Structure formats: C-alpha cells, structure tokens
Amino acid sequence: IQMTQSPSSLSVFVGDRVTITCRASQSISRYLNWYQQKAGEAPKLLISGASSLQSGVPPRFSGSGSGTDFTLTINSLQPEDFATYYCQQSFTFARYTFGQGTKVEI
Amino acid sequence: EVQLVESGGGLVPPGGSLRLSCVGSGFIFSRHSMNWVRQAPGKGLEWVSYINISSSTIYYADSVKGRFTISRDNAKNSLYLQMNSLRAEDTAVYYCAREVYYGGKNCLDPWGQGTLVTVSS
C-alpha cells in the first residue's frame, strides 16, 4: 500500500491553521496513524486510528478520514509545532508504510 | 517511564556486518511486538522489520530481506537487528519502536532515540 502526503512542505505563520492530507493507494479503513518528528529527534505518535489523539498531545491537533483519504489539522499553529509530519498505514499487519512526510516551516 | 534505547551503530565498509541492540524499560517487554524503522539522511521513514512476542512471526522489508535478521531476548528486554552484506543505501538512523494497540488500532509508540549506521569505505 502506497501512502502519498501533500503538500511535501509548507511555510506558515504562528497562529495559522494547517491541513495536511494523506492518501492511501487502497482502502485502509481507519488504520492510519500520524507522527511528528522534530529536527534531530525520534518520531512521536500524535494520532492513532485516524482520529484518536494521544495523551498529552494538545487539542489543537486533530485527525479525520477513513478509507483512502485522511487529514491532519493543526489549529492555531504554535512555535513548537514546526516539524515534519508523517502518516503511516497499519492496515497491512506488520508491513507498515509511511507517507513521504510534510515539513511545516516558518 | 516507557523507554527504548538503541546502540550498536557505527561506520562499517560495504559488505560488512553490524548488530544493533535495543533495550526496553518501563513496560513488560515480552508482551509487545517490536519493529525496526530506519531513516536515511534527509529522507523519510522506512519500516524495516517486525517480530512478534514469541519470535514466531517475523517480517522484513524487501530491501533488507535475506541480509538482515531480527531477533529478541525477552529475558533481557532486548531487541536485535543483525545486518549483513551492508550497502551504501543502508546508511540511516535505525529506530526501534514498540507496537501498541489503541482503540483496536495498532501503531508504533514509543520510538527509541535512534542509532546511526554509516556504510562507507
């Protein structure tokens, strides 16, 4: 299963609303996770099952979608949100694939 | 605190071998499947390998099949990746990641800090 994210990068201002999309090459139900990776750090799980926010993740982050089309939304972007975001499908058990990433820049 | 710590990375010539280790703490290691994921410099994430709790089910990405071997020692809370016949394109930061289920959906959480493998002469 191929995962395609768009855009690959975007330049935004603090306070902006950001929307990142992820498309699967076939239906993956809601087996879609989002990760945040800051420069020089390991990825961190933000959202599982397409829309379940992980404990400790600010509510300005939200996820939606099912089937082949998914969205990560960040409301009122904060300085600490500048990072690269990856989607990942877990539909094909233990043979996971990631999107190519979306870099959110100032 | 749930934590994963990788080690074993370094510089190795093409065709060489390296063994990575990952030690888990703060959780019952034997109850979780584990994964290796890598990231080439400036590139995205690539899943490498999976092992279930009993080591009875193992999967590899096509790019490493036949060259890499994943294993675990639950008594030592440890995960391993034996990498043979290394190529320049294997150069990457290698992360270990725990598999968990939230709301019936599997995901990788947490990830270790990563260990850098550089394949170069």
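What you see is a predicted model, and the numbers here were worked out from it, not measured in a lab. Values below: all heavy atoms of this structure, side chains included; hydrogens, waters and symmetry mates excluded. Here is how names work: the chains are called A, B, and so on, in the same order as the sequence lines, proteins then strands, and each is numbered from 1.
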Below 4.5 Å, heavy-atom pairs only: which of A:Gly101, A:Pro43, A:Gly49 has the largest tally toward chain B?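 The answer is A:Pro43.
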Disulfide (SG to SG under 2.5 Å) contacts in which one or both residues fall within residues 21-91 of chain A, not counting sequence neighbours: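 Disulfide (SG to SG under 2.5 Å) check on residues 21-91 of chain A returns A:Cys22-A:Cys87.
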Atom pairs (donor, acceptor) spanning chain B and chain A, under 3.5 Å:
{"residue": "B:Gln39", "atom": "OE1", "partner": "A:Gln37", "partner atom": "NE2", "Å": "2.8"}
{"residue": "B:Gln39", "atom": "NE2", "partner": "A:Gln37", "partner atom": "OE1", "Å": "2.9"}
{"residue": "B:Gln39", "atom": "NE2", "partner": "A:Tyr86", "partner atom": "OH", "Å": "3.2"}
{"residue": "B:Tyr95", "atom": "OH", "partner": "A:Gln37", "partner atom": "NE2", "Å": "3.3"}
{"residue": "B:Glu99", "atom": "OE1", "partner": "A:Tyr96", "partner atom": "OH", "Å": "2.6"}
{"residue": "B:Glu99", "atom": "OE2", "partner": "A:Tyr96", "partner atom": "OH", "Å": "2.9"}
{"residue": "B:Asn106", "atom": "O", "partner": "A:Asn33", "partner atom": "ND2", "Å": "3.0"}
{"residue": "B:Asn106", "atom": "O", "partner": "A:Ser90", "partner atom": "OG", "Å": "3.0"}
{"residue": "B:Asn106", "atom": "OD1", "partner": "A:Ser90", "partner atom": "OG", "Å": "3.1"}
{"residue": "B:Asn106", "atom": "ND2", "partner": "A:Tyr96", "partner atom": "OH", "Å": "3.0"}
{"residue": "B:Leu108", "atom": "N", "partner": "A:Tyr35", "partner atom": "OH", "Å": "2.9"}

Which bit of B:Val37 is near chain A, if near means a heavy-atom gap under 4.5 Å: side chain, backbone, both or neither? side chain
Under 4.5 Å from any heavy atom of chain A, what part of B:Leu108 do you find: side chain, backbone, both or neither? both
Any link between [X] and [Y] through a network of hydrophobic side chains (Ile, Leu, Val, Met, Phe, Trp, Tyr) touching at under 4.5 Å?
X	Y	answer
A:Val104	B:Leu45	no
B:Leu4	B:Ile70	yes
B:Val2	B:Ile28	no
B:Phe27	B:Val100	no

Which pairs count as salt bridge (charged side-chain N to carboxylate O under 4.0 Å, His left out) when at least one residue sits in residues 50-60 of chain B, sequence neighbours excluded?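 For residues 50-60 of chain B: none.
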Expected list for residues 15-22 of chain B: side-chain donor-acceptor pairs under 3.5 angstrom, two or more places apart:
{"residue": "B:Ser17", "atom": "OG", "partner": "B:Asn84", "partner atom": "OD1", "Å": "2.9"}

